[in-house]
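Sequence lines set the chain letters: A, B, ... in the order given, protein chains first and strands last, and positions in each chain run from 1.
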Number of protein chains: 2
Amino acid sequence: MAKRPPDPANGNAPVARQVPMRDFSRSLPMSLLRAREAVMRQFRPKLREHGLTEQQWRILRALAAIEAAEVTELARTAFLLGPSLSRILRDLEARNLIERRTAKSDQRRSMVSISKDGVKLMASVAPSSEAIYAEITQRFGARKLAELQEMLGELEQSLAGLGAADGASAEE
Amino acid sequence: MAKRPPDPANGNAPVARQVPMRDFSRSLPMSLLRAREAVMRQFRPKLREHGLTEQQWRILRALAAIEAAEVTELARTAFLLGPSLSRILRDLEARNLIERRTAKSDQRRSMVSISKDGVKLMASVAPSSEAIYAEITQRFGARKLAELQEMLGELEQSLAGLGAADGASAEE
DNA sequence: TCGAGATACTTAACATGTTAAGTGACTGCG
DNA sequence: CGCAGTCACTTAACATGTTAAGTATCTCGA
């Protein structure tokens, strides 16, 4: 269906096109990528000062809110793939920011928790992080920010169960 | 076989600790990341069938719309960092999907353009890509999609010139 | 109880993100 | 001219994204 997508008033488009595709810079993936980059650009320098990457920070934050978590659960929470998480946990453990112990009931599972040093590091970064977030919120507008996140959640929902074999159906 | 009623809703350990931070999963960066991943998950398998990564596809699309571009210009258009682009161009050139020649007026500059093979490859992928995009548009709603992209653009704008990147601040 | 299959990670291999340093080519100023 | 500074990339080094294999453990049913 798609009755009629609003015609973008194509302001410039100075160059001739030979391929029938939407203007590349207006694609949804690009919009999302640029927006996210604009946001993360604000946080990265501060995290870097503390020797943390964005992903490492995500893991610490996720762990700070709970007693302990299995690796798979943590991967879901921090939105990281297993292999990435595996590497990062190895590193964080070596830096004594987290602790691990195998679950007694199932030797395959590893319970991960934040260490005292990890908590300390979080405490030293959180204020700056919150300040940056507050600045972003103020600039963009709290209401619009909430609206945006609502829409992002809806987008995620409307695409849930499209690409990945989730239930039954065919594989390929 | 082995039907296995997994336990996703496992009793788990909802132990919460009082930490003075927003709920991690509701942060703007995470919302943007998840939304983008939900979208890209739809495209990646098809691109992979054609031996292309998301970034390689971005470059080909960017090049298809113009005659030729300098590397720096291409990096801006495809939203890639110089080093990434450098590596990808090396690969794409080896696969004869693009062509390069140094500018006559300035030996430092390299002019990049898509090759015949590149155009052919694009033609073979574009239909599926557009179909997927249409499906996403339909599911989420064309109007909402336009709204979302508008907001993403505004977010980007409101953060422009905040990051301590170079540039003497202010505007231009 | 035993073994095929499932599960929970971990490794491997390759591609990109990210920052810093390197290389060759231009530019401006003396 | 000459050469220090800049520019346009490219390399390097390390971290993560992504898919495929590998390893150890656990589960279930014949």
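Residues B:Ile88 and B:Met111 fall into different hydrophobic clusters, defined by Ile, Leu, Val, Met, Phe, Trp and Tyr side chains chained together at heavy-atom separations under 4.5 Å.
Going from atom CZ of B:Arg48 over to atom C1' of C:dA15 covers 10 Å, rounded to whole Å. One can place CE of A:Met40 at 13 Å from P of D:dT16, the figure rounded to the nearest angstrom. Atom CD of B:Gln42 and atom C1' of D:dT18 are 16 Å apart (whole Å). At whole-Å resolution of the value, CZ in B:Arg58 and C1' in D:dG17 are 13 Å apart. Rounded to an integer number of Å, the gap from B:Gln55 CD to C:dC14 P is 18 Å. The nearest whole Å value for the distance from the CG atom in A:Leu74 to the C1' atom in C:dT10 is 15 Å. Regarding B:Leu47, its CG atom lies at a distance of 15 Å from the P atom of C:dA15, rounded to whole Å. Distance A:Glu54 CD to C:dT18 P: 8 Å, rounded to the nearest Å.
Among residues at least two apart or in separate chains, side-chain hydrogen bond (donor to acceptor under 3.5 Å, both in side chains) pairs with a member in residues 70-87 of chain B are B:Glu70-B:Arg109, B:Ser84-B:Arg87.
In terms of the side-chain hydrogen bond (donor to acceptor under 3.5 Å, both in side chains) criterion, residue partners of A:Asp91 (sequence neighbours excluded) are, by chain and number, A:Gln56, A:Arg95. Residues that satisfy the side-chain hydrogen bond (donor to acceptor under 3.5 Å, both in side chains) test with A:Gln149, not counting sequence neighbours, are B:Ser31. Under the side-chain hydrogen bond (donor to acceptor under 3.5 Å, both in side chains) criterion, B:Lys144 pairs with A:Glu154, not counting sequence neighbours.
At the heavy-atom level, B:Glu70 lies under 4.0 Å from the strands shown only through sugar-phosphate atoms.
In terms of position along DNA chain C, the nucleotide closest to A:Ser110 lies nearer the 5' end than the nucleotide closest to the other residue of the pair A:Arg44 and A:Ser110.
Considering only side-chain N and O atoms, B:Thr72 lies under 4.0 angstrom from the phosphate OP1 or OP2 of D:dC9. Residue B:Gln56 places at least one side-chain N or O closer than 4.0 Å to OP1 or OP2 of C:dT16. At the phosphate of C:dT16, OP1 or OP2 sits under 4.0 Å from a side-chain N or O atom of B:Thr53.
Here B:Glu54 pairs with B:Arg58 in a salt bridge; the nearest charged N to carboxylate O distance falls below 4.0 Å. Salt bridge status for B:Glu37 with B:Arg34: absent, with no side-chain N to carboxylate O gap under 4.0 Å.
In this structure the side chain of B:Ile59 never reaches within 4.5 angstrom of the side chain of B:Ile114, judged on heavy atoms. The shortest side-chain heavy-atom distance between B:Leu155 and B:Leu28 falls under the 4.5 Å cut-off.
Non-hydrogen atoms lying under 4.0 Å from DNA chain D are contributed by B:Pro83, B:Ser86, B:Arg87, all within residues 78-87 of chain B. Listed in residue order, the members of residues 88-109 of chain B having a heavy atom less than 4.0 Å from DNA chain D are B:Arg100, B:Arg108, B:Arg109.
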